[in-house]
Amino acid sequence: MELLKQRILKDGQVIGNDILKVDSFLNHQMDVQLFNEMGKEFYRLFAHKKVTKILTIESSGIGIACIAAQYFNVPVVFAKKTEARNLDADTYLAEVYSFTKGKTYNVRVSKKYINSRDVVLIIDDFLANGKAALGLADIAEQAGAEVAGIGIAIEKGFQNGGRLLRERGLEVQSLAIVEGMQDGVITFR
Ligand code: 5GP
């Protein structure tokens, strides 16, 4: 998606060799107009799949998922990273290793909100090694739901998540695929 690529080039910052910081429009301050264009594009890509629910993970996926959901006209469910007393006891659980935080944590979704009649579209902000998306696909599978596909804003094509997910037969659609970030220079696939 050209608009997103241009924005990454204009405002993205490369941290080290493998982290792309897009705090000014996606991960901290959020450009809702851009999200709206992204939502429209996800709808164009997945409209034929008869999606009944969008599944994401807190926190950065939520904003993108909610805007996209307005096009699909379906609810958004987000996997929670912390156990809390106000979360139902009966949950689907998946283990996710966080690439940016360097630790493993459990993510949970109440069994009330995904079931075997659902066709689930997974949406997230970034795809790196694919652990977050795999965790979400695992939760959908536990519920007996169908995974319609995975919609990603920014895929880092030099990490192996995209390959892993596609090899599993999952349809991954990324709005921008970053091929390299050598010496702070961002290139796209
Ligand atoms: P994965 O599970 O695919 O290894 O990593 C995806 C998750 O890690 C995303 O939900 C995102 O929050 C975070 N992440 C991975 N790489 C980056 C990055 O380069 N920049 C930012 N802002 N987040 C990232």
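All ligand and atom numbering here is 1-based and tracks the order in the structure.
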* Asked: So is Asp18 close enough to ligand 1, meaning a heavy atom under 4.0 angstrom away?
  ->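 Yes, Asp18 has heavy atoms under 4.0 Å from ligand 1.
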* Asked: Is ligand 1 less than 4.0 angstrom away from at least one heavy atom of Asp124?
  ->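 The answer is yes: ligand 1 sits under 4.0 Å from a heavy atom of Asp124.
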Tell me: protein heavy atom nearest [atom], and distance?
atom	result
atom 20 (N) of ligand 1	Leu20 O, 2.7 Å
atom 8 (O) of ligand 1	Thr100 OG1, 4.2 Å
atom 7 (C) of ligand 1	Phe126 O, 4.2 Å
atom 2 (O) of ligand 1	Ala132 N, 2.8 Å
atom 17 (C) of ligand 1	Lys156 NZ, 3.4 Å
atom 4 (O) of ligand 1	Asn129 N, 2.8 Å
atom 22 (N) of ligand 1	Asn27 OD1, 2.8 Å

* Give the C-alpha distance, both sets of side-chain angles, the deciding distance and a yes or no for salt bridge (charged side-chain N to carboxylate O under 4.0 Å, His left out) between Arg166 and Glu155. => CA-CA 13 Å; Arg166 291 179 181 105; Glu155 174 176 344; 2.9 Å; yes
Does atom [atom1] of [X] have more than 12 heavy-atom neighbours from other groups under 6.0 Å away?
X	atom1	result
Glu179	CD	yes
Asp18	CG	yes
His28	NE2	no
Tyr43	OH	no

What do you reckon, does [X] have a nitrogen or oxygen under 3.5 Å from a nitrogen or oxygen of ligand 1?
X	answer
Ala133	no
Ala128	yes
Leu127	no

* Proximal ligand 1 atoms for Lys131, defined as those under 4.0 Å from one of its heavy atoms ->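 Close to Lys131: 1 (P), 2 (O), 3 (O), 4 (O).
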* To do: Return the minimal non-hydrogen interatomic distance between Gly130 and Leu165, and the atom names on each side.
  =>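 Heavy-atom minimum between the residues: O-CD2, 4.4 Å.
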* Can you name the closest pair of heavy atoms from Val120 and Ala145 and give their distance? ->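 Nearest heavy atoms, Val120 then Ala145: CG2-CB, 3.9 Å.
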* Of the listed options (Ile57, Leu136, Asp125), which comes nearest to atom 11 (C) of ligand 1 when hydrogens are ignored and any heavy atom counts? ->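 Result: the heavy atom closest to atom 11 (C) of ligand 1 is in Asp125.
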* To do: Only heavy atoms count here, so choose which of Ser98, Ser59, Gly161, Gly130 is nearest to atom 3 (O) of ligand 1.
  =>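 Answer by nearest heavy atom: Gly130.
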* Gap between atom CG of Leu175 and atom CG of Leu45 - 0.5 Å precision ->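 Interatomic distance, Leu45 CG to Leu175 CG, rounded to 0.5 Å: 7.0 Å.
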* To do: Look at the side chain of Thr91 and the backbone N and O of Leu93, then say whether any donor-acceptor pair between them is shorter than 3.5 Å.
  =>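 No; zero donor-acceptor contacts below 3.5 Å.
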* Heavy-atom contacts under 4.0 Å between Gln159 and ligand 1: side chain, backbone, both, or neither? ->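 Within the 4.0 Å criterion, Gln159 makes no contact with ligand 1.
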* Asked: If we ignore angles and hydrogens, is there a donor and acceptor under 3.5 Å between the side chains of Glu37 and Gln33?
  ->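 No pair is found: no donor N or O on one side chain lies under 3.5 Å from an acceptor on the other.
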